[in-house]
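Data first, discussion second: the structure below is written as structure tokens.
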Amino acid sequence: MFITIFIILINFFWINLSANEFNLEKTSISLNYPWGMTWLDTEHLLITQKSGEIFLVNTKSYEQTSVTHNIPFVQHGQGGLLDII
């Protein structure tokens, strides 16, 4: 019984994964140690860097704008701004 359920689940996930197509595209966006990101809408993305910088990136035009802030952060080991939600 367990084997049957396991095989059904594997087939279900395999069918769903094989249906997606991914394309890689080189852009002009330049980041050093990107750390976290979140989508604002379908075209805009906020990206943090380990150094504490925050960038607003337009994924259609590839414009990268620096966001000024006074959020405290630590750049040591696993430190940084981490996720930005």
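Here I71 contributes atom CD1 and T68 contributes atom OG1; the two are 10.0 Å apart, rounded to the nearest 0.5 Å. Distance check: W35 CH2 to T48 OG1 gives 9.0 Å after rounding to the nearest 0.5 Å. Atom CD of Q64 sits about 8.0 Å away from atom OG of S28, to the nearest 0.5 Å. Rounding to the nearest 0.5 angstrom, the gap separating the NE2 atom in H44 from the CG atom in N58 is 4.0 Å.
Scanning all heavy atoms of the two residues, the minimum distance from L56 to V67 falls at N-CG2, 4.0 Å. The two residues I54 and L46 have their closest heavy-atom pair at CG2-CD2, 4.0 Å.
Looking only at side-chain heavy atoms (C-beta outward), I29 and F55 stay at 4.5 Å or farther from each other.
The cluster map of Ile, Leu, Val, Met, Phe, Trp and Tyr, joined by side-chain heavy atoms under 4.5 Å apart, puts V57 and L31 in the same cluster.
Q49 places a side-chain N or O within donor-acceptor distance of the main-chain N or O of N32, the cut-off being under 3.5 Å. In terms of modelled atom types and a separation under 3.5 Å, the side chain of H69 and the main chain of E53 share no donor-acceptor contact.
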query = Step by step, would you call E25 with Y62 a side chain to side chain donor-acceptor pair (under 3.5 Å)?
reply = CA-CA 11 Å; E25 191 173 320; Y62 303 120; 2.4 Å; yes
